[in-house]
Amino acid sequence: MAIQNLKSEIENIFMNDLFNLAGKTFTSRLIIGTGKYRSHYEMQQAHKASGAEMVTVAVNRVPLDGKTESFLDYLSPEMQILPNTAGCYDAEHAIRTARLAREALETDWIKLEVIGDKITLLPDNEQTLEAARILVKEGFIVLPYFSDDLIMAKKLLDIGCPAVMPLAAPIGSGLGVQNPANLKIMREQLPDATIIIDAGVGVPSDAAIAMELGADAILMNTAIAEARDAAQMAIAMKLAVQAGRLAYLSGRMPKRLYASASSPIEGAIK
């Protein structure tokens, strides 16, 4: 009975800690992708296991003729589709891709990616800002992927992006959070901003660390899709995101240079 009560208490915590973004409310803070899975069925099972309510899809992978089987056929109709402009290397291409996504997928939501280097796949922040400025004016809900740069985050928010998506590490690297200080500073300097960590998560501990630093949500794909058991890893990531979020809300103990006894001796029997 005690275990059941604890389970209900935990569920209530996360049901009440809702994730609000651009007028929509989500209970899950894990956003999932669609690429690199070994089969459509495996993707579908991983998505279900993750509990994610938002899924990103590369517009360049969408069969626009609608005549052939697509991974889109395996997505839950209840999920918020977040098209992305993966594969774009300048603002003009990204803008055209976003417009195509709006027509093909009937959504104003767009994850904006403008890549600056074909080897590292690091983003071109300047081209991203240029594209974001135009797309926001056209009524898009722009979620921009960019380097973990506080000043660029401020500029993107100032032009009307409802959230920013700084990287943890290069796309698909699995290296985890490489610059925790940058993300912590971004959280402290932008307390009211929605910050979604995107790219670089490899294992659940990476996801937990990102959430402990104050991220509002995490988007990941490769870490789950390339796992030996994708569905099982999806569950692990779900729990890690929840644990990291709860730890952040709880407030960590201060770091100390010297030891501090767990059992203080003041008042102890001598």
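Just so it is clear, the model here is predicted, and its values are computed rather than measured.
With sequence neighbours left out, the ring-ring contact (aromatic ring centres under 6.0 Å, His included) criterion links H40 to Y74. In terms of the ring-ring contact (aromatic ring centres under 6.0 Å, His included) criterion, Y248 has no residue partners (sequence neighbours excluded).
Atom CG of N182 sits about 8.0 Å away from atom CG of D149, to the nearest 0.5 Å. The CE atom of M220 lies 10.0 Å from the CG atom of D198; values are rounded to the nearest 0.5 Å. To the nearest 0.5 angstrom, M211 atom CE is 8.5 Å from L249 atom CG. Atom CG of L21 is separated from atom CD1 of I141 by 7.5 Å, given to the nearest 0.5 angstrom. Here the CG atom belonging to D124 is positioned 12.0 Å from the SG atom belonging to C88, to the nearest 0.5 angstrom. Rounded to the nearest 0.5 angstrom, I195 CD1 and L213 CG are separated by 10.0 Å.
Looking only at distances, a side-chain donor or acceptor of D117 sits under 3.5 Å from a matching main-chain atom of I119. Counting only distance, with no hydrogens or angles, the side chain of D216 and the backbone of R29 share no donor-acceptor pair below 3.5 Å. For R102 (side chain) and D108 (main-chain N/O), no donor-acceptor pair under 3.5 Å exists by modelled atom type. Distance alone, capped at 3.5 Å, is enough to place a donor-acceptor pair between the D229 side chain and the Q232 backbone.
Between the side chains of T56 and N84, a donor-acceptor pair is found at a separation under 3.5 Å. In summary, the side chains of S50 and K238 do not present any donor paired with an acceptor at a separation below 3.5 Å, with no hydrogens or angles considered. Under the 3.5 Å distance criterion, with hydrogens and angles disregarded, no donor-acceptor pair is assigned to the side chains of T128 and N125.
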Result block: side-chain N/O donor-acceptor pairs under 3.5 angstrom for residues 151-178, not counting sequence neighbours:
unit_1	atom_1	unit_2	atom_2	d
S173	OG	P170	O	2.8
S173	OG	L175	N	3.4
Q178	NE2	L175	O	3.0

Applying salt bridge (Lys or Arg N to Asp or Glu O under 4.0 Å), run through R96 and E92 and close with a yes or a no.
CA-CA 6 Å; R96 289 201 310 269; E92 184 179 356; 3.5 Å; yes
E138 vs R99, test: salt bridge (Lys or Arg N to Asp or Glu O under 4.0 Å). Steps then yes/no.
CA-CA 9 Å; E138 293 185 4; R99 291 168 178 165; 2.5 Å; yes
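Between F26 and W109, the ring planes are perpendicular. Angles over 60° get that label, and only those under 30° would be called parallel.
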